[in-house]
Amino acid sequence: MREKRSQRTVVARIVGASPVRLWGLSSDERLRRQLDELGVRTVGPEKLESSGAETVVLVRGDYLFDSRVLQALVGRPGTALRALDSAEAPVVAVHVPLPEVRRVLPYLEGELRGAPEGLDLESPATLVPSRHIGSLRKAELPVVVRISEEKKELLERHLFEGAYKGITDLITKWVWPRPARWVTGLCVRWGISPDAVTWTSLALVLLATGLFLQGSYGPGLLVAWFMTFLDTVDGKLARVTVRSSRFGHFLDHGIDVLHPPVWYVAWGLGLPATEPRVAGFWLEDLLAVIVVAYVAGRLCEGAFSTVLAPFEIFSWRPVDSYFRLVMARRNPNLLLLTGAALMNRPDLGVLAVAVWTSVSAVFLAARLVWAGFCRWTSGPLVSWLENVDPAAESIPCYARPFVRRAELAAS
């Protein structure tokens with residue numbers, strides 16, 4: 001039985017580097033940030049002996065590592081990693097006891113071919129057998145690939161697309177990616193941090209709320225849609241630059257959870273300025289329905305991932321993943337409000353959001369009950385994405401929107 005990581009001291013050393021910068025980061029700086037997120041300190045060769053480490057993770061700095069691979073390697077002392085599952089593939093990382101560093105170092109520096117004896121030899125696919133990335137709700141192969149100038153554009157696209165959630169709403173999934181990648185690149189060039197983008201999003205949330213309260217729905221919608229776009233950019237910027245902060249994550253998540261019902265209520269309270277023709281005395285009831293149904297839906301999501309499974313409800317079955325595309329979250333509801341404003345019937349927007357939010361809450365509640373029954377009768381729940389192989393020649397058409405084929409797997 002392997003020793004638990006908490007019972008030993010692990011440090012890392014980066015061997016070599018690449019001159020190619022990806023999303024503004026040098027290869028060694030990217031690795032340092034990735035390892036730091038895993039709680040592993042990176043030290044130079046001159047400080048290795050005095051680091052007090054029991055084991056050392058050695059990684060080649062001229063390779064791009066999937067964070068899942070690094071995480072698995074940190075927890076597996078006595079392991080050597082090849083970039084591919086091939087006898088000809090070079091060793092790109094090892095995790096060994098400190099006294100073993102000198103013996104294995106020549107294999108990473110290219111002085112010796114093959115792999116060090118006495119270590120478990122793994123590839124990214126064998127080290128990380130699960131394809132499902134719970135935090136990003138998608139299936140994707142873990143890859144380790146050499147960084148080169150010829151592959152720079154491909155690698156940057158790989159990093160950006162890898163930062164995207166597979167299961168999300170239809171606007172975020174199919175409308176925002178292209179412009180978001182361009183704006184993310186601008187933020188990198190101009191030195192704009194993810195936290196700065198998040199704070200701008202918060203300012204836009206407040207501005208849109210004020211405009212909705214005044215019944216200025218056209219300007220309010222423009223501001224609201226721009227905010228949703230920046231909400232996509234900040235997360236992608238944080239991931240491609242490995243520059244997320246705990247406070248920034250808390251702020252971003254807090255904004256995402258709290259502001260949608262605030263917008264819907266503000267929209268409703270702004271209706272008297274537009275002479276509503278439907279809401280009338282039902283307005284307070286409709287707004288109450290929206291808030292209650294929104295909270296109920298969120299509670300169902302939380303109950304599923306807290307009590308029933310170690311993943312989100314939208315990753316359980318394909319029907320849940322597809323429903324997430326259109327369910328009553330901010331962007332689909334903004335589409336309803338935008339349609340109502342274009343019809344010059346903002347009052348119908350409140351009605352539409354109330355109905356769709358209620359339908360979504362009922363759907364989530366029904367799925368939660370069914371999941372509980374399945375867990376009770378059949379054992380632990382498993383995400384359907386666990387059974388999808390991104391490397392397969394043919395991926396079922398229903399799975400393709402939520403699976404990313406790895407262009408770099410064989411690079």
Side-chain angles (χ1 to χ4, degrees), residues 23 131-141 154 156-185 187 194 197-198 201 204 221 224-240 244 249 252-253 255-257 259-260 263 294 297-298 301 304-305 311-339 352-353 356-357 359-360 363-364 367 383-386 388 390 395-407:
W23 290 106
R131 306 296 183 254
H132 177 214
I133 308 176
S135 61
L136 294 178
R137 306 188 208 120
K138 63 181 175 183
E140 182 178 321
L141 287 173
L154 178 62
E156 289 193 331
R157 185 169 75 246
H158 171 80
L159 286 170
F160 182 80
E161 292 176 355
Y164 244 90
K165 289 183 178 178
I167 302 171
T168 185
D169 67 86
L170 73 172
I171 298 296
T172 301
K173 190 169 186 64
W174 288 308
V175 178
W176 290 152
R178 187 179 295 273
R181 183 181 173 189
W182 182 73
V183 172
T184 300
C187 290
V197 178
T198 303
S201 296
L204 294 177
L221 284 168
W225 279 118
F226 186 49
M227 179 272 160
T228 71
F229 174 69
L230 291 186
D231 188 40
T232 290
V233 170
D234 64 359
K236 310 308 168 287
L237 180 61
R239 293 189 185 103
V240 300
S244 60
H249 176 76
D252 181 54
H253 185 67
I255 293 172
D256 287 346
V257 171
H259 85 269
W263 276 359
Y294 177 82
R298 285 288 191 174
E301 295 174 39
F304 181 93
S305 57
F311 53 85
E312 295 187 29
I313 192 170
F314 307 114
S315 300
W316 182 33
R317 293 288 184 266
V319 64
D320 304 303
S321 301
Y322 274 95
F323 189 71
R324 178 64 180 86
L325 292 170
V326 296
M327 72 169 288
R329 281 289 185 84
R330 179 193 60 206
N331 289 358
N333 279 349
L334 273 183
L335 284 176
L336 296 176
L337 295 176
T338 300
V353 169
W356 190 230
T357 304
V359 170
S360 297
F363 176 86
L364 288 171
R367 296 300 292 165
S383 168
W384 71 277
L385 292 171
E386 290 283 3
V388 178
I395 295 177
C397 58
Y398 69 86
R400 291 173 189 168
F402 312 107
V403 177
R404 185 164 74 122
R405 301 186 74 98
E407 299 175 281

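These figures come from a predicted structure and were not determined experimentally. What's counted below: heavy atoms across the whole structure, side chains too, no hydrogens, waters or symmetry copies.
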Chemist: Output yes when a side-chain donor or acceptor of Trp23 lies under 3.5 Å from a complementary backbone atom of Glu156, and no otherwise.
Modeler: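 Answer holds: yes.
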
Chemist: Report yes or no: is the cationic atom of Lys236 (NZ for Lys, CZ for Arg) under 6.0 Å from the centre of the six-membered ring of Tyr164, at an angle within 45° of the ring normal?
Modeler: yes

Chemist: Can any side-chain N or O of Lys173 pair as donor or acceptor with the backbone N or O of Ile167 at less than 3.5 Å?
Modeler: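 Here the side-chain-to-backbone pair does not exist.
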
Chemist: Assess whether a salt bridge exists between Lys165 and Glu312, defined as any Lys/Arg side-chain N lying under 4.0 Å from an Asp/Glu carboxylate O.
Modeler: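 Looking at Glu312 together with Lys165, the answer is no, because their closest N to O distance does not fall below 4.0 Å.
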
Chemist: Please state whether the rings of Phe402 and Tyr322 are parallel, tilted or perpendicular, taking 30° and 60° as the class boundaries.
Modeler: perpendicular

Chemist: Please check: side-chain N/O of Asp252 versus main-chain N/O of His249, any donor-acceptor pairing under 3.5 Å?
Modeler: no

Chemist: Of Phe314, Phe323, Trp316, which meets side-chain contact (heavy atoms from CB on, under 4.5 Å) against Arg367?
Modeler: Trp316

Chemist: Would a 4.5 Å heavy-atom cut-off, applied to side chains only, mark Val403 and Glu140 as touching?
Modeler: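 Contact flag for Val403/Glu140 side chains = no.
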
Chemist: Does either side chain, that of Thr172 or that of Asn331, offer a donor lying less than 3.5 Å from an acceptor on the other one?
Modeler: yes

Chemist: Got Arg181 and Thr184 here, is their nearest side-chain heavy-atom distance under 4.5 Å?
Modeler: no

Chemist: Where is the tightest heavy-atom contact between Ala328 and Ser360, given as atom of each residue plus distance?
Modeler: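 Scanning both residues, the minimum pair turns out to be N-OG, 3.0 Å.
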
Chemist: Give the minimum heavy-atom separation between Arg298 and Val257, together with the two atoms involved.
Modeler: NH2-CA, 3.9 Å

Chemist: Not counting sequence neighbours, which residues clear side chain to side chain donor-acceptor pair (under 3.5 Å) with Arg400? List them please.
Modeler: none

Chemist: Rounded to the nearest 0.5 Å, what separation is found between the CG atom of Leu237 and the OG1 atom of Thr232?
Modeler: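 Leu237 atom CG to Thr232 atom OG1 measures 12.5 Å (nearest 0.5 Å).
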
Chemist: Taking the six-membered ring for Trp, are Trp263 and His259 parallel (under 30°), tilted (30 to 60°) or perpendicular (over 60°)?
Modeler: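 The rings of Trp263 and His259 stand perpendicular, inter-plane angle above 60°.
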
Chemist: Nearest 0.5 Å, please: how far is CH2 in Trp182 from CZ in Phe160?
Modeler: 13.0 Å

Chemist: Minimum heavy-atom separation for Asp231 and Ser201, please, with both atom names.
Modeler: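 Closest heavy-atom pair between Asp231 and Ser201: N-OG, 4.0 Å.
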
Chemist: Please find the pair of heavy atoms, one from Thr228 and one from Arg330, that lie closest to each other, and give the distance.
Modeler: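 In terms of heavy atoms, the two residues are closest at CG2-NE, 3.3 Å.
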
Chemist: Report the distance from atom CZ of Phe304 to atom CG of Asp320, rounding to the nearest 0.5 Å.
Modeler: 7.0 Å

Chemist: Please name the pair of heavy atoms, one in Pro332 and one in Val326, separated by the smallest distance, quoted to 0.1 Å.
Modeler: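 Pro332 and Val326 have their closest heavy atoms at CB-O, 3.6 Å.
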
Chemist: Restricting to non-hydrogen atoms, name the atom on Ile171 and the atom on Trp225 that form the minimum distance, rounded to 0.1 Å.
Modeler: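 Distance-wise, the nearest heavy atoms are CG2-CZ3, 4.1 Å.
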
Chemist: Side-chain contact test, heavy atoms from C-beta onward, threshold under 4.5 Å: evaluate it for Trp176 versus Val183 and give yes or no.
Modeler: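 Trp176 does not reach Val183 side chain to side chain.
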
Chemist: Main chain of Ser315, side chain of Ser383: is a donor-acceptor contact present, judged purely on distance under 3.5 Å?
Modeler: yes

Chemist: Going from CG on Asp256 to OG1 on Thr198, what distance comes out if it is rounded to the nearest 0.5 angstrom?
Modeler: 9.0 Å

Chemist: Would you please classify the geometry between the Trp384 ring and the Tyr398 ring as parallel, tilted or perpendicular, with 30° and 60° separating the classes?
Modeler: tilted

Chemist: Give, for atom CZ of Phe226 and atom CG of Leu204, the distance between the pair rounded to the nearest 0.5 Å.
Modeler: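 These two atoms lie 6.5 Å from each other.
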
Chemist: Under 4.5 Å between any side-chain heavy atoms of Cys187 and Val197, yes or no?
Modeler: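 Of all side-chain heavy-atom pairs linking Val197 with Cys187, at least one is under 4.5 Å.
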
